Number of protein chains: 2
Amino acid sequence: MYTIREVCEKTGLTAHTLRYYEKEKLLPSVGRSAGGFRQYSDEDMEKLAMICCLKNTGMSLQEIAQFMALAREGDSTLQARCEMLKKHRESVLERMEEMQRYLDKVTRKYDFYSKRLIEYEQQQKSLQNS
Amino acid sequence: MYTIREVCEKTGLTAHTLRYYEKEKLLPSVGRSAGGFRQYSDEDMEKLAMICCLKNTGMSLQEIAQFMALAREGDSTLQARCEMLKKHRESVLERMEEMQRYLDKVTRKYDFYSKRLIEYEQQQKSLQNS
DNA sequence: CATTGACTTAGAGTGAACTTTAAGGTTTAT
DNA sequence: ATAAACCTTAAAGTTCACTCTAAGTCAATG
């Protein structure tokens with residue numbers, strides 16, 4: 001069992017964000033200590049890892065909440081979850097390819113600017129010497 | 001010269017967004033017709049392409065506005081712009097690598113679910129036959 | 001020359017994902 | 001036993017990047 005503080009350290013999320021995720025039903029079933037403090041189980045930690053994974057590949061919190069709700073319903077939702085992951089995977093791949101194309105453009109622009117910068121610096125030097 | 005409508009069609013941005021970008025100083029110097037309508041030049045279109053490129057690789061509008069402001073100041077800012085592009089390029093590469101790692105995790109999860117789904121379906125079939 | 005549709009502005013509203021605040025209760029170390 | 005640190009909740013506030021609204025102007029067509 002982990003306190004919210006330990007979970008923050010492990011995941012990089014803030015306590016505020018963890019509480020927010022609970023409220024938004026991403027991980028709604030976190031246990032409580034006698035004093036009412038959150039206690040995260042190893043299963044919770046695994047779920048959180050999945051949540052971070054989906055979030056960091058651009059899935060919206062709403063969709064993640066849907067996915068986690070399906071997971072809580074058990075094996076009868078395996079197919080639905082498979083389909084979600086497949087679609088998500090495809091959209092991530094597409095976005096990465098798009099990013100790569102845009103990045104190539106940034107690289108070309110950078111190379112162009114670098115050349116112009118060298119020219120400009122030589123020009124400045126020759127102006128100084130005259 | 002292009003009307004805002006034509007620019008929308010070429011860039012995929014809405015007229016609202018183009019006006020918003022003007023207000024936010026991403027492309028603040030768009031000309032006007034006698035009647036006050038926006039007229040985008042070929043140079044404006046090139047700048048817009050750069051804006052989209054930076055935006056689609058995750059640069060904030062604020063940073064893009066800074067970059068475009070430097071560009072308007074001329075060659076004396078070449079070095080500053082080079083540095084911005086270099087930094088941006090590096091951060092995009094990092095993000096893409098991170099994305100790839102997360103995507104691999106999604107793929108592994110998907111494969112795991114697929115296997116479990118096949119098992120589950122066979123189980124259901126044998127329950128039906130009994 | 002009137003109507004339709006696209007354009008103008010300033011400013012308010014939206015949705016996502018937090019982030020902060022206020023007011024208080026709990027744990028831990030001394 | 002008490003102070004400091006940490007936790008609780010509900011609700012309001014923030015930031016980003018739009019997106020929409022209202023009230024009016026302009027251009028093209030029959």
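Every chain is numbered from 1 and lettered A, B, ... according to where its sequence line falls, protein lines coming before strand lines. None of the values given here were measured: they were computed from a predicted structure.
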Any side-chain heavy atom of [X] within less than 4.5 Å of one from [Y]?
| X | Y | answer |
| --- | --- | --- |
| A/Val106 | B/Val92 | no |
| A/Lys55 | A/Tyr21 | yes |
| A/Tyr2 | A/Asp42 | yes |

Task: Toward the 5' end of DNA chain C, by each residue's nearest nucleotide, A/Tyr21 or A/Ala34 - done: A/Tyr21
Nearest heavy-atom neighbours spanning [X] and [Y]:
| X | Y | result |
| --- | --- | --- |
| A/Asn56 | B/Met99 | O-SD, 3.5 Å |
| A/Thr107 | B/Arg89 | OG1-NH1, 2.5 Å |
| A/Ile51 | A/Leu26 | CD1-O, 3.5 Å |
| A/Leu13 | A/Cys52 | CD1-SG, 4.0 Å |
| A/Gln39 | A/Asp44 | O-OD2, 4.0 Å |

Task: Rounded distance (Å) that lies between atom P of C/dA17 and atom CG of A/Leu26 - done: 9 Å
Task: Residue among B/Arg101, B/Arg108, B/Gln100 satisfying side-chain hydrogen bond (donor to acceptor under 3.5 Å, both in side chains) with B/Asp104 - done: B/Gln100
Open item on the list: C/dA16, OP1 or OP2 - any side-chain N/O from A/Tyr20 closer than 4.0 Å?
Closed with: no
Open item on the list: Reading DNA chain D from 5' to 3', where do the contacts with chain B start and stop? Cut-off is 4.0 Å to heavy atoms.
Closed with: D/dA17 to D/dA27
- [ ] Examine distances only and state if a side-chain atom of B/Arg38 and a backbone atom of B/Arg19 form a donor-acceptor pair shorter than 3.5 Å.
- [x] no
Open item on the list: Short of 4.0 Å, heavy atom to strand atom, which residues of residues 48-65 of chain A count as contacting DNA chain D?
Closed with: none
- [ ] For each nucleotide in nucleotides 7-12 of chain C, reading 5' to 3', give B when a protein heavy atom comes within less than 4.0 Å of its base, S when such contact involves only the sugar-phosphate, and - otherwise.
- [x] SBB---
